[in-house]
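So the structure is just underneath, and the comments pick up after that.
Values below: all heavy atoms of this structure, side chains included; hydrogens, waters and symmetry mates excluded.
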Amino acid sequence: MRILQLHCKYIVYKPVKKEIGEAEEAEKKESRIDDVIVLFTAIEKGDDESVAVQAITQVKEFLGKLKVNRILIYPYAHLSIDLAAPSSALRIVKAMERAAQDAKIETYRAPFGWNKQFTISVKGHPLAEQSRVFLKEPKKQEKVSEALKAEEKRESSWYILSPVGDLVPVMDFDFSTHKDLARFSKYEISKMRASQEMPPHTKLMRKLEIADYEPGSDPGNLRWYPKGRLMKSLLEQFVTATMAEYGAMEVETPIMYDFHHPTLSSYLDRFPARQYLIQSEEKDLFLRFAACFGQFLILHDAQFSYRQLPLKIYELTRYSFRREKSGELAGLRRQRAFTMPDCHALCSNLKQAKEEFLKRFNLCMRLLEGLELGLDDYELGIRFTREFYDSNRDFITSLVKLIDKPALVEVFEERILYWVLKWEFNFIDNQEKASALSTDQLDVENARRYDITYIDQDGARQYPIVLHCSPSGGIERCIYALLEKAYKLQKKGKPPMFPLWLSPTQIRVIPVSDKFIEPAEGIRKKLADHGLRVDLDDRPLTMQKRIREAETEWINYVVAIGQKELDSNQLSVRNRATGEIKGMPIKELLKKVTKETRGKPWRPLPLPTQLSKRPQFYG
RNA sequence: GCCUCGGUAGCUCAGCCUGGUAGAGCAACGGUCUCGUAAACCGUAGGUCGCGGGUUCAAAGCCCGCCCGGGGCUCCA
């Protein structure tokens with residue numbers, strides 16, 4: 001629908017003759033209307049009553065601004081080259097008229113289908129002349145998955161489950177020795193938070209040149225600076241290596257899928273997330289929000305029997321996309337494009353699924369331990385259906401035993417989604433918000449949906465149980481947890497730090513003055529040759545200043561080189577964790593550092609080794 | 001989507017209430033200093049005050065509209 005909207009001192013018009021067969025009946029009589037908004041209107045193909053209402057709603061709003069409440073709807077075909085058929089056009093013009101009357105607008109309408117003569121006087125103010133286009137809103141844009149709708153009215157109740165198997169309603173639990181669990185429960189149940197400050201990690205991610213918002217993209221799609229890219233890359237490697245060790249086969253699958261693919265579209269309805277949609281030629285595509293599709297489609301086509309179960313398949317999705325509402329986004333805590341390891345395991349029956357589930361639970365604990373996130377840093381949340389709990393009490397309790405502290409439990413009376421049991425490790429940040437890191441689900445529905453089958457001992461086709469696990473949660477979110485944890489340390493008066501293996505610079509060498517740059521570089525190289533990230537602050541600044549900057553960069557060890565060190569063959573090593581300066585031979589430092597990083601992936605410095613050669617990305 | 005705060009130098013921000021030559025610190029650049037564990041000193045350069053319109057002799061500032069972003073709420077397999 002196209003409307004040319006004119007604020008007129010007056011308009012005079014007179015029907016001259018019918019132009020089309022469907023024209024309305026009208027008298028060939030002159031009409032005059034004063035101080036009126038004239039809507040020259042063309043109805044186009046695809047317009048319907050909803051467009052008419054939409055148009056009038058906006059016109060009404062506009063009338064308020066101009067302090068006018070009188071309109072003339074004037075059918076005017078010449079505005080469009082894509083006109084609707086006259087019969088439906090007339091219907092919609094009438095719908096506009098009705099909508100306007102309903103909105104208490106004084107409404108006039110020129111007859112439809114006539115050749116008319118008119119004289120018009122348009123006012124001179126800037127808002128007097130407006131052209132507008134209204135389109136029917138495409139349906140798929142409004143598509144909300146059934147799961148999202150179901151989520152909104154889900155019925156569940158909350159408990160605390162202790163390691164000995166007591167299930168206590170949340171209201172009756174004594175939280176006095178479980179402060180973080182109390183925070184987690186409060187967050188999950190009441191959804192009450194009131195925080196004015198910025199989340200500390202968003203400031204840190206920029207100050208430390210890890211990541212930043214990218215105004216040139218969609219919100220929640222971040223840019224990563226070299227140091228952040230390095231950390232992310234190390235975490236990715238670590239998770240992938242751990243999954244390989246576990247026996248999962250790494251694959252790679254497309255990031256976009258056909259919206260109308262039959263199995264995919266029914267899965268979309270079972271998943272509570274909003275998608276990015278892309279149109280390409282004739283296809284509607286959506287960007288994946290997890291690796292499920294790609295892996296399930298592979299497994300659908302693969303053939304395997306009970307002998308190969310449990311069968312484990314893994315992908316590090318870079319990226320998964322979820323079009324979260326803009327207000328939900330927060331730095332590294334929640335993005336619209338994020339990197340998520342996703343591992344599925346197919347199990348022959350519930351017994352095998354439970355064994356595997358436990359194995360993965362342990363694996364996730366170990367993995368977070370590798371990031372130096374321990375049991376004090378996260379809380380366990382478990383969710384299940386009432387029915388599943390009733391027949392698997394001991395099994396569920398055995399999960400809680402593994403962390404040896406009470407867990408928050410959500411019990412669903414009915415199965416709304418595709419799983420009957422899931423758990424997450426939740427990190428509680430400085431604003432007392434909880435975010436899931438590791439998670440695993442027991443899925444009893446998707447094998448059937450994707451027609452994934454295995455052959456059992458008797459040669460019959462069976463549907464396996466599917467486990468969905470993100471062993472670390474989103475990689476970005478891991479960095480968020482590390483930053484928030486570091487901030488907690490800082491609040492307690494301790495130096496904020498990263499685990500050594502993730503530190504962009506592990507050791508910085510600082511020559512006392514520029515006379516010592518050369519020997520300092522020699523020492524730097526010696527250390528670097530042992531597979532460490534060591535850089536050299538060769539800038540002509542005072543020693544104090546360079547030490548200070550090393551500290552603000554959270555560098556774990558700082559080595560000063562001057563005459564004293566050259567004479568004694570001892571390095572002066574400043575240890576960030578303790579704040580102490582200790583003399584030690586180069587070997588001792590090497591031993592200390594390699595011990596601390598044993599078993600973890602390594603990558604070289606992502607920046608020039610000389611600080612004088614580095615650009616500033618932020619600030 | 002709603003509420004709220006904001007957009008001024010690369011960064012952090014002041015100036016806006018009460019209209020009258022656009023500021024500071026840090027960073028950058030040039031120089032002096034050759035330095036011993038969290039900020040040496042001097043200087044130089046750097047701005048379409050988010051965009052559009054209005055009011056005014058005069059707008060970063062006042063008014064209207066728009067755009068963008070943060071945070072909160074809702075939501076979170």
(message) Which residue in the set A/Gln335, A/Arg336, A/Glu214 passes side chain to side chain contact (heavy atoms under 4.5 Å, CB included) when paired with A/Asn221?
(response) A/Arg336
(message) Please tell me if A/Thr542 has a side-chain N or O lying less than 4.0 Å from either OP1 or OP2 of B/rC35.
(response) no
(message) Output one letter per nucleotide in nucleotides 4-14 of chain B: B when a protein non-hydrogen atom lies under 4.0 Å from the base, S when only the sugar-phosphate is that close, - when neither is.
(response) ------BSS--
(message) Can you check the distance between B/rG23 and B/rC49, where both ends of the measurement are the C1' atom (answer in whole Å)?
(response) 12 Å
(request) Tell me which residues in residues 509-518 of chain A put a heavy atom below 4.0 Å from RNA chain B, sorted by number, or none. (result) A/Val512, A/Ser513, A/Asp514, A/Lys515
(request) Go ahead and name the base partner of B/rU48; Watson-Crick or wobble counts if both distances stay under 3.5 Å, otherwise write none. (result) none
(message) I want to confirm an ordering. Mapping A/Arg539 and A/Arg574 to their closest nucleotides on RNA chain B, which one lands closer to the 5' end?
(response) A/Arg539
Show every donor-acceptor pair shorter than 3.5 Å between a side-chain atom in residues 205-212 of chain A and any protein atom, with sequence neighbours excluded, or say none if there are none.
unit_1: A/Glu209; atom_1: OE2; unit_2: A/Phe617; atom_2: N; d: 2.6
unit_1: A/Glu209; atom_1: OE2; unit_2: A/Tyr618; atom_2: N; d: 2.8
unit_1: A/Asp212; atom_1: OD2; unit_2: A/Tyr225; atom_2: OH; d: 3.0

(request) Between B/rA24 and B/rG47, how far apart are the C1' atoms? Round to whole Å, please. (result) 14 Å
(message) When the C1' atoms of B/rC51 and B/rU18 are compared, how many Å lie between them, rounded to an integer?
(response) 27 Å
(message) Please determine whether a side-chain nitrogen or oxygen atom of A/Lys545 lies at a distance below 4.0 Å from atom OP1 or OP2 of B/rA27.
(response) yes
(request) Could you work out the separation of B/rC16 and B/rG6 based on their C1' atoms and round it to a whole Å? (result) 14 Å
(message) Heavy atoms within less than 4.0 Å of RNA chain B: which residues of residues 435-444 of chain A have one? Give them sorted by number.
(response) A/Gln441
(message) Tell me whether the rings of A/His344 and A/His468 are parallel (<30°), tilted (30 to 60°) or perpendicular (>60°).
(response) perpendicular
(message) Any heavy-atom pair between the side chains of A/Val409 and A/Arg383 that's under 4.5 Å?
(response) no
(message) When both hydrogen-bonding distances must be under 3.5 Å and the geometry is Watson-Crick or G-U wobble, what is B/rC35 paired with, if anything?
(response) none
(request) Determine whether the side chains of A/Asp538 and A/Ser612 contain a donor N or O and an acceptor N or O closer than 3.5 Å. (result) yes
(message) Taking only side-chain N and O atoms of A/Tyr557, does any of them lie within less than 4.0 angstrom of OP1 or OP2 on B/rU37?
(response) no
(request) Report yes if a donor N or O on one partner sits less than 3.5 Å from an acceptor N or O on the other, where the partners are the side chain of A/Tyr187 and the base of B/rC76; otherwise report no. (result) yes
(request) Please collect all ring pair (Phe, Tyr, Trp, His ring centres under 6.0 Å) contacts where either partner lies in residues 425-445 of chain A, sequence neighbours excluded, each pair once. (result) A/Phe361-A/Phe425, A/Tyr378-A/Phe425, A/Trp423-A/Phe425, A/Phe427-A/Tyr480
(message) If I pick the C1' atom on B/rU48 and the same atom on B/rA22, what distance separates them, to the nearest angstrom?
(response) 13 Å
(request) Quickly, which of A/Phe388, A/Phe412, A/Phe384 forms a ring-ring contact (aromatic ring centres under 6.0 Å, His included) with A/Trp419? Name it, please. (result) A/Phe412
(request) Taking atom P in both B/rG43 and B/rC17, compute the distance separating them and give it to the nearest angstrom. (result) 33 Å
(message) What's the gap between B/rG25 and B/rC33 when it is taken at their P atoms, as a whole Å value?
(response) 24 Å
(request) Could you work out the separation of B/rA60 and B/rU8 based on their C1' atoms and round it to a whole Å? (result) 7 Å
(message) Which nucleotide, if any, forms a Watson-Crick or G-U wobble pair with B/rC62, using both distances under 3.5 Å?
(response) B/rG54
Report, one line per pair, each donor and acceptor closer than 3.5 Å where one atom sits in a side chain of residues 510-522 of chain A; sequence neighbours left out.
unit_1: A/Ser513; atom_1: OG; unit_2: A/Lys515; atom_2: N; d: 3.4
unit_1: A/Glu521; atom_1: OE1; unit_2: A/Arg524; atom_2: NE; d: 2.9
unit_1: A/Glu521; atom_1: OE2; unit_2: A/Arg524; atom_2: NH2; d: 3.2

(request) Look through every strand shown and name the nucleotide pairing with B/rG1 as Watson-Crick or G-U wobble, where both distances are under 3.5 Å. (result) B/rC73
(message) Suppose we define a pair by two distances each less than 3.5 Å, Watson-Crick or G-U wobble; what does B/rA14 pair with here?
(response) none
(request) Would you mind telling me which residue lines up with the more 5' stretch of RNA chain B, A/Thr202 or A/Arg477, judged by nearest nucleotide? (result) A/Thr202
